[in-house]
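Residue indices begin at 1 and follow the sequence shown. The shown structure was predicted, so the numbers you read here are calculated from the model rather than taken from an experiment.
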Amino acid sequence: MIDHLRQIAIFAKTVEHGSFRGAARELRLSPSVVSHHISQLEDQLGVALLYRTTRKLALTPEGQRLLSAAQDMFEAVEDGLADISMSSTAPSGQLRITAPSVLAQSDLIASIGEFATLYPGINLSLGFSDARQELIDGGFDLAIRMGVNRKRPLTSKTLFSAKRSLI
């Protein structure tokens, strides 16, 4: 499959330049290698794709059909690459957070709301529970915990401090 794609790309470049030599120069191949790839593609398809003379190349009807399909393919790939490139610049996707239910009516909710407004591409899901939820088993990306953080591992960060009382 990869060989076919390479051959189709070489074929399209040859048509674009109107010569094996022009395609070879851009692709940094020798003209004989370009010719070889196109000949292999024609052999595999069982049809001629190009009419060749010493001065000119012209597309056969089958060559025109392949060129049209190749252009559609290249456009789809370019669109896909552009889409991925754009999505990598703005955060997007699913973010599942678990937190103690006591925080459901705290200032933390306003901060999470600001975050959601700032990053509309993120589908935010909040789960409040008094039971300690496991990250992996619960399918959560982030857990907000309350209590003394004695170890301070690299994966935790203090968000705020609060005084607690029984009154």
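Residues L50 and F11 have side chains in contact (heavy-atom distance under 4.5 Å, counting atoms from C-beta outward). Using a 4.5 Å cut-off on side-chain heavy atoms (C-beta onward), K13 and V34 make no contact. At least one side-chain heavy atom of L66 sits under 4.5 Å from a side-chain heavy atom of L45. Using a 4.5 Å cut-off on side-chain heavy atoms (C-beta onward), I10 and L29 make contact. Inter-residue side-chain proximity for V15 and L57 is flagged as unmet; no heavy-atom pair is nearer than 4.5 Å.
The 12-atom threshold is exceeded at CG of D79, counting heavy atoms of other residues, nucleotides or ligands nearer than 6.0 Å. Heavy-atom neighbours of R145 CZ from other residues, nucleotides or ligands within 6.0 Å: above the threshold of 12.
Following chains of ILVMFWY side-chain contacts shorter than 4.5 Å, one can reach F74 starting from L59, so the two form part of one hydrophobic cluster. Hydrophobic clustering of Ile, Leu, Val, Met, Phe, Trp and Tyr side chains at less than 4.5 Å, counting indirect connections, keeps L67 apart from Y51. The cluster map of Ile, Leu, Val, Met, Phe, Trp and Tyr, joined by side-chain heavy atoms under 4.5 Å apart, puts Y119 and I109 in the same cluster. Linking Ile, Leu, Val, Met, Phe, Trp and Tyr residues whenever their side-chain heavy atoms come within less than 4.5 Å leaves M73 and L81 in two separate clusters.
Partners of R6 according to the side-chain hydrogen bond (donor to acceptor under 3.5 Å, both in side chains) rule, which considers only residues two or more places apart in sequence or in another chain, are D3. Partners of F128 by ring pair (Phe, Tyr, Trp, His ring centres under 6.0 Å), not counting sequence neighbours: none found. Here H17 pairs with E26 under the side-chain hydrogen bond (donor to acceptor under 3.5 Å, both in side chains) rule; sequence neighbours left out. Take T117 and apply the side-chain hydrogen bond (donor to acceptor under 3.5 Å, both in side chains) test, not counting sequence neighbours, and it matches no residue.
In this structure, CD in Q7 is found 9.5 Å from CD1 in I38, a value given to the nearest 0.5 Å. Here CD of Q44 is found 11.0 Å from OG of S39. Values are rounded to the nearest 0.5 Å. One finds the CD1 atom of I97 at 5.0 Å from the CG atom of L124 (value rounded to the nearest 0.5 Å). Distance check, rounded to the nearest 0.5 Å: CZ of R25 to OG of S30 gives 13.0 Å.
Taking every heavy atom of both residues into account, A70 and I8 meet most closely at CB-CG2, 3.5 Å. Closest approach of T14 and F20 over heavy atoms only: CG2-CD2, 3.7 Å. The nearest pair of heavy atoms linking P31 to A24 is N-CB, 3.6 Å.
Residue pairs that meet the side chain to side chain donor-acceptor pair (under 3.5 Å) test with at least one member in residues 120-141, sequence neighbours left out, are Q94-N123, S101-D130, S129-Q133. Pairs engaging residues 50-77 under the salt bridge (Lys or Arg N to Asp or Glu O under 4.0 Å) rule: E42-R52 [sequence neighbours left out].
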Let's go through I144 and L103 carefully: what are the C-alpha distance in whole Å and the side-chain angles of both, what is the deciding distance for side-chain contact (heavy atoms from CB on, under 4.5 Å) to 0.1 Å, and is it a yes or a no? CA-CA 9 Å; I144 298 174; L103 295 179; 3.7 Å; yes
